[in-house]
Structures are given as C-alpha cells and as structure tokens.
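Just so we're on the same page: letters track the sequence lines, and every chain starts at 1.
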There are 2 protein chains.
Amino acid sequence: MNRTTQTKRTTIYDLAELAGTSASAVSAVLNGNWKKRRISAKLADKITKLAEEQGYALNMQASVLRRERSKIIGMIVPKYDNRYFGSIVEQFETLARERGLFPIITCTRRDPALEVEAARAMLSYQVDCLIATGATDPDRIVDLCAAAGVRTINLDLPGARAPSVISDNYGGALELTRRVLANCEKEYGEKTPLLFVGGRGTDHNTMERVRGFRDAHAEAGVTVDETLMLTCGYAPEKAESAMQQLAERLSPLPRGMFVNSTISLEGVMRWIRRSGHYADRVPQLGCFDWDPFVAMLGDHIEMVRQDVPKMLEAVFGIIDSGATDITVVQVPPIVEKIG
Amino acid sequence: MNRTTQTKRTTIYDLAELAGTSASAVSAVLNGNWKKRRISAKLADKITKLAEEQGYALNMQASVLRRERSKIIGMIVPKYDNRYFGSIVEQFETLARERGLFPIITCTRRDPALEVEAARAMLSYQVDCLIATGATDPDRIVDLCAAAGVRTINLDLPGARAPSVISDNYGGALELTRRVLANCEKEYGEKTPLLFVGGRGTDHNTMERVRGFRDAHAEAGVTVDETLMLTCGYAPEKAESAMQQLAERLSPLPRGMFVNSTISLEGVMRWIRRSGHYADRVPQLGCFDWDPFVAMLGDHIEMVRQDVPKMLEAVFGIIDSGATDITVVQVPPIVEKIG
DNA sequence: CATGCTTGCTCAATCGATGAAGCAAGAATT
DNA sequence: AATTCTTGCTTCATCGATTGAGCAAGCATG
C-alpha cells in the first residue's frame, strides 16, 4: 500500500513494520526523545525518512490520551467582528505556537449558554489551560474548569476566582473623556456633559470606564447628566435604538460622546447618518477601542487602543510561571488620535 | 473524592462505580444510543444525573481514538483582521455546531509554511474534513489531506483538486468598476482609466477581478493604463508604498481607484491622508470587500460585500451531500453603496 | 571465567470510550 | 415442561502513542 492509494492513515505500527523495528522505537524517534531512550542515530534517521516519505502525521488523540499533559491551550472569545478580538486571537495563536502549545479557539457570540458549552468542549479536548476572553460569567467557567483540574485565566474581563489580565479601563476612560471634553470646549466654547453609550452596565469594564468618565467630568468641573448614561449593550442595533430613544426625549443632543466599543460606535454612526441629527455640526467623539477606518473618519474622533501584545504577554507570563494567585493585571491602553 | 476537591477528571469508570454498573452502560447512556443498546430508562436517568452532578466531560481524545469518524471539522484562515474572514469564521462555527460537528480553526497569516504546518496539525486532530480558506497553495493542502483520506473544500480561493466555493469575482469587479467609472464621469466630467491596487497578481481572485476591471473599462470605451495596475500584495504597508512609488513617477494621479480588499484600502487611505495628495478633490473609490466604517467614510466609496452566509451554506451543502467532484461554486457578491 | 556495565533495542500495560458478542433472568409460545 | 424470545445488562478487545521494565549482545574489569 503506497502513499497515493492509501486511504487509512499511517501509524507508528506501519512505520515500525516498514523499518523492521518496533512501534516503541518509532514513537521515541518521532517525539524526539530517542536519545534518552538510547536509539541509535542510524535507526532514528531511517525512521525519520520513512515517516516523511509516508506522510506520517501523529495521531493527537492517541498521543494526548496517553500523555499526562495535552499541550492544548484553549481560548473562548465573544466575537470576531472587531480588530480588538481579532488581534487577541492572532497573538494568542502565535504565542501559543512559539511555546509548542496547540491553540484551540472558539467563539461564543456573547451568549452565556454557548460560553458554558464551549468551556465544556474545551475540557473534552483535555486543554491544559483555558483563557476566557470577555466572558459574561468568568467565574462559572473557572468553576467548571477547576472541577476538572484545569487552570483558567481571564482576559479582557476580570473574574474573582482566577488571575485576570485586563486593560486599565479606568485610566483609559479618564484620559479619553478628558480629551473629548477638551475638544468640545475648543470646538464649541462651552463645557457640557458628554453622552456615554454602549456596554453592559453590569460588566466590570463598563463600570470602570464609567468611573473614569465621571472623574474626568469632575476634574473639569462638569456635572454628569444621568440621563445621558446609556449602557444599552454592545450590539450596533442596541446603540442605534438607544440613540433614537434619547433623541426623542432630548433636544439639543449632547455635543460630545464616549462610545464604549467600536461595535457600539457602528450603531451610533449609523444613527447619526440616518437620523440627520448632527448634520450641522459633527459631535466630538471618543471611542474605547481602535479601528483603522474609524481613525480616518475625521479629526473629531479620539480612540483608546487596548495594548493587545502586552496583554497577551502578561497572559503567557502567568501561564509560564504557573502562578495561580488571583491577581488582576491591568495593562495601560494607548490613547491616540489619528487626526 | 467529591467534586470540590477532585483534581482528576471524572471518567465513565468513575461514574460506573458510583452507579453500580458498567462503563459500557455509562458510555451508551451518555452518547445517546442507550435505547439501541437496551439500557433501561431508569438506569439511563440515574447515570445522566450522576454525570451532571460530577461535572463529567467526555474525553474527546479517547472517544475520537475509538470511533470511525471524529466529527471534527477544521478550517484554516489567513487573518482575523477584517470583517470578511471574521464573519466566515463565525458562520463556520455556527453551521458546524448546528450539525453536531466540532469546529477547529487556525490562522496562517498568509504564510505558506504555516499553512502546511496548520494542515498537518489538523490531520493530527483527525479532522473528518478541512476547509482551506484563502490558501496560497490550496492544492498542496489537498494533497496532504488526500494522503490521509481527509476531504478538503477550498473557500474564497479555488483549487484544482477539490471542490471550491468562491465569490463571483469577475461579476463583482465588473459591476464595481462600472460604478466607479460612472462616479468619476459624474464628478469630473471625464472618462479616465482607474487605478487598480492591492492583491497578488498570481491569485485567482485578483486575476478575475482584473478581468472584470478591464471589461468594464472596455464597455465604457476607456483604455486601461497598464502602469496603473498595482497588484502589490494585500498588506496595508504594501499598498501604501505602491501608492507612494506611483505618485513619484506620475502626476496627476488617477481620479478613481479599484482597491482589492479592505486591508489594502487601509494602506491606500493612510497614504492619501499622509501624503496630502487628493487634498483638493477626493478620489472616487471602489473596494472589493465590505467594512461598516469604510461605508461611513463618505459617498465617494462603493463596496462589494461578499455573500458569506451563502458561501458557507454552499460549503456545508457540499459537505452534507458528500460530493467530491471538483466543481467551483461561484456566489454572487452584493454591490452596495452606503452613501 | 564470572561479574558488571553499557548500548540498543523490544514487550506489554496503559490512557478512556466504544460496541460486538455474550450471558442470565424472566416472559411468551408451543 | 421444554423451547424460544426479549430485556437488560456485562465482558473484553480495540483505537494509536507512550513509557517503565526488561533483555540480549558486546565490552570491560577483576
């Protein structure tokens, strides 16, 4: 049975037979510890060549089943529809592979039920470690994993039962709000409270950003208008309808706004274009998250770019060190204006 | 050993002991064919409850190792940095799960070596089927998989050795070019050839889009300017420097352009802002691919949105039917202008 | 020549789930 | 009462890779 007609996968037993040796020798050679197992270089060479010729691919299932550690590392992520999560996933894959780990990612669409199902699936894959990114209920996931002896690290949103790596949401929001307030003052000559739109009022990041938002107002001597705090969820449609409802009960609309993610910004911008409000004078905007095209939308938008490389370095720092103490690492984001 | 202190995972043997029954009964109950195996409803109930209590999670490794088919379906994807691939991945996960399959995705950053490595990793996971999305060398991947008896489907870029699902690149480019030409004429009162920028000159999609671009010019009676065909690669930096080089040898610059992806558009837009060219009069743009914020950049941009839901339905149609004949399904994209 | 050490392998148990084959007890049929 | 059928399980081999234990041959040492 040669390479072109074969339909079954080549196993170490096939290679052993071809090489006239034992499966155990083949295994030792192919997983790299043939020296430790005192296989001769000559045999190792022969087996390596044969494996290549036959297009041998390790059976991960069999290998992981037998081994103590799987070297599989899982990540759950809410969405793939923005640059922030996109780069998290890309970086994660890269750093995992650099360490000889096998990354597995799954997307939960911000659905708590799917989150739990996804975590279970990860356990089924025997992941050594799970990164829960932006999970709505990170502690639930940590508990599930802990029961199976799997460590968890929270990313983006913190939890109470595992180490977390998040942005300095307070600091980023403080600076972002300062800038938008300043832009408003420069542009319109008056200090007025900003609109806050997007995000869930219950999630840690949103609460921290609201805190930064409030403190920046206080600093500037501006009183926050409580009717302008619209934590309506992240989805574009939700931001859009929140804007619509606001416009129905309020006029004039605020001069400036703090938008809690690019994805909410999508809805806000859509509403602005569709409704015709702000047609005379563009609002001063601040967006917590970065997108290259948003940056090009005009010089009236400030953005906070979360420092994904640093965040993932922190995550792998925790993994590499084996630390399990429940800390929250806060990574400062980058406040930039591409005017 | 109870749930809270346990550190080892619960197996069917643990459950069997707790239920006072055999592992084989537990297995039958948990994988759903207990009726076929004539297990009583009473025992099934007891085992199900126990499994839940103990937080049992199937060991995929053991399960897949034993079974004929793994029910794992793999996808390799070039990047996560744009909406097109992002929605492909999200849709893929959803449709796979709907069918009781386990999706595994990996990103290759347009690196041919990583592509092959990723395909090998997928084989190691014992995938039943692999979707190669936007692969630089799809046939290489098909060969690797075929040797292991794994079927492949090409998505986004076609291959010669497996069924492919792609956009109607010619049709989309034809219509897009028509519109940009018309916009130029309306805006500037003259018919001039457009710039084509982005993409690899050797990839099928780019070639087809170039063909549509040329035919639209011919239709309009405009001669294509060969010095304006810049298939410099997809990366923003490449598009940016291609624009720079063009500007150094040509003046005035073309009135309109066909940009071959949002990711190339990122570079083009950056160059436009930085260089100060086009400061007086914005160029008429057409972009093959869609992004919500690009749509808001102004009314001088036309976009083609590839029909991701239809494309993935086609992919799973092929999977479900088991078809292996080498066809190319072309899905018409949506040409839209959000002015 | 007996003993021990090194080299270079092989043997066989094991990981957890699966399912074909088999078996015991009771019900139904002749 | 003897036979067959049905129900509800259990037993055990198996998937492919890993690894501790063991073994034979060759060499060195006393």
Side-chain angles (χ1 to χ4, degrees), chain A residues 6 8-47 51 54-72 102 123-128 148-149, chain B residues 6 8-47 51 54-72 102 123-128 148-149:
Chain A
Q6 99 189 37
K8 298 282 274 187
R9 308 162 125 95
T10 309
T11 71
I12 53 169
Y13 296 94
D14 302 330
L15 294 180
E17 187 152 12
L18 285 169
T21 180
S22 72
S24 115
V26 175
S27 171
V29 168
L30 296 180
N31 69 29
N33 59 11
W34 53 279
K35 289 208 167 162
K36 207 181 306 166
R37 295 198 49 118
R38 295 184 310 211
I39 306 292
S40 65
K42 194 180 145 215
L43 181 57
D45 233 54
K46 185 175 177 189
I47 289 173
Q54 298 294 313
Y56 171 81
L58 174 76
N59 183 327
M60 268 282 245
Q61 318 302 345
S63 174
V64 168
L65 179 59
R66 189 67 211 336
R67 268 163 16 203
E68 181 68 13
R69 292 184 51 226
S70 70
K71 295 191 177 179
I72 299 177
F102 301 89
L123 292 181
S124 285
Y125 281 116
Q126 311 297 107
V127 292
D128 286 333
Chain B
Q6 98 189 40
K8 298 282 273 188
R9 306 162 127 95
T10 310
T11 70
I12 53 170
Y13 296 93
D14 302 330
L15 295 180
E17 187 150 12
L18 285 169
T21 181
S22 73
S24 135
V26 174
S27 170
V29 169
L30 297 180
N31 69 27
N33 58 12
W34 52 279
K35 290 207 169 164
K36 209 181 304 167
R37 309 257 330 250
R38 295 184 309 213
I39 307 290
S40 65
K42 195 181 145 211
L43 181 58
D45 234 56
K46 185 176 178 185
I47 290 173
Q54 299 294 315
Y56 170 80
L58 174 76
N59 184 325
M60 270 283 245
Q61 263 67 43
S63 176
V64 167
L65 179 59
R66 190 66 207 346
R67 269 163 12 205
E68 181 66 14
R69 293 183 49 224
S70 70
K71 294 191 177 181
I72 299 177
F102 300 90
L123 292 181
S124 285
Y125 281 117
Q126 310 296 108
V127 293
D128 286 333

Which atoms form the tightest heavy-atom contact between B:L30 and B:A51, and what is the distance? CD2-CB, 3.9 Å

Over all strands shown, is B:L30 touching base, sugar-phosphate only, or nothing at heavy-atom distances under 4.0 angstrom? nothing

Can you find an N or O donor on one side and an acceptor on the other, under 3.5 Å apart, linking the side chain of B:R67 with the base of C:dT18? no

Among C:dA21, C:dC11, C:dG16, which nucleotide sits nearest the side chain of A:L65? C:dG16

Integer-rounded Å distance: D:dC15 C1' and B:M60 CE: 16 Å

Does D:dC9 have OP1 or OP2 sitting under 4.0 Å from an N or O in the side chain of B:T21? no

Using five pairs at either end of the helix from C:dC1-D:dG30 to C:dT30-D:dA1, determine the angle between the two local helix axes and round it to 10 degrees. 60°

Can you tell me if the side-chain N/O atoms of A:Y56 get under 4.0 Å from OP1 or OP2 in D:dG16? no

Where the side chain of B:Y13 is defined as all heavy atoms beyond and including C-beta, which of C:dG16, D:dG16, C:dC11 is the nearest nucleotide? C:dG16

Among D:dG20, C:dA21, C:dC9, the nucleotide that comes nearest once only the side chain of B:R37 is considered: C:dA21

Atom-pair distance (CG on A:D14; P on D:dG16), nearest Å: 8 Å

State, with a plain yes or no, whether a side-chain heavy atom of A:Q54 is found less than 4.5 Å away from one of A:L18. yes

State whether the distance check finds a donor on one side and an acceptor on the other, under 3.5 Å, for side chain B:R66 versus base C:dG19. no

B:N59 CG to C:dT18 C1', straight-line distance once rounded to whole Å: 12 Å

Nucleotide nearest A:S22 (side chain, heavy atoms from C-beta), chosen from D:dA17, C:dT10, C:dT18: C:dT10

Can a donor-acceptor pair be found, under 3.5 Å and without considering hydrogens, that links the side chain of A:S124 to the backbone of B:L58? yes

Which residue, A:R67, A:R66, A:Q61, forms the side chain to side chain contact (heavy atoms under 4.5 Å, CB included) with B:Q61? A:Q61

Can you see which heavy atom on B:A148 is nearest to which on A:R9, and at what distance? O-CG, 3.7 Å

Is a side-chain donor or acceptor of A:D45 paired with a backbone partner of A:K42 at a separation under 3.5 angstrom? no

Length of the line joining A:K36:NZ and D:dA21:P, which is rounded to integer Å: 15 Å

Consider the side chain of A:T11, meaning its heavy atoms from C-beta on, and name the nucleotide among D:dG20, D:dG16, C:dT18 that approaches it most closely. D:dG16

Taking for B:I39 and for B:A62 the nucleotide of DNA chain D with the nearest heavy atom, the one nearer the 5' end belongs to B:I39

Expressed in angstrom and rounded to an integer, what is the separation of B:I72 atom CD1 from D:dC15 atom P? 19 Å

So if I take every side-chain heavy atom of A:N31 and compare against C:dG16, D:dT19, D:dC9, which nucleotide ends up nearest? D:dT19

Do you know which two heavy atoms are closest between A:A44 and A:I39, and how far apart they sit? N-CG2, 4.3 Å

Whole angstrom value for the distance that separates P of D:dC9 from CH2 of B:W34: 11 Å

Name the residue closer to the 5' end of DNA chain C, choosing between A:R38 and A:S24 according to the nucleotide with the nearest heavy atom. A:R38

Selected nucleotide, minimal atom distance to B:S27 side chain, candidates C:dT18, D:dA17, C:dT10: C:dT18

Any side-chain N or O of B:S40 below 4.0 angstrom from OP1/OP2 of D:dC9? yes

Just by modelled atom types, is the A:K36 backbone N or O under 3.5 Å from a matching donor or acceptor in the A:N33 side chain? no

Write down the distance between CD (B:Q61) and P (D:dA17), rounded to a whole number of angstrom. 13 Å

Rounded to the nearest Å, what distance is computed from the CD1 atom of residue B:I47 to the C1' atom of nucleotide D:dG8? 12 Å

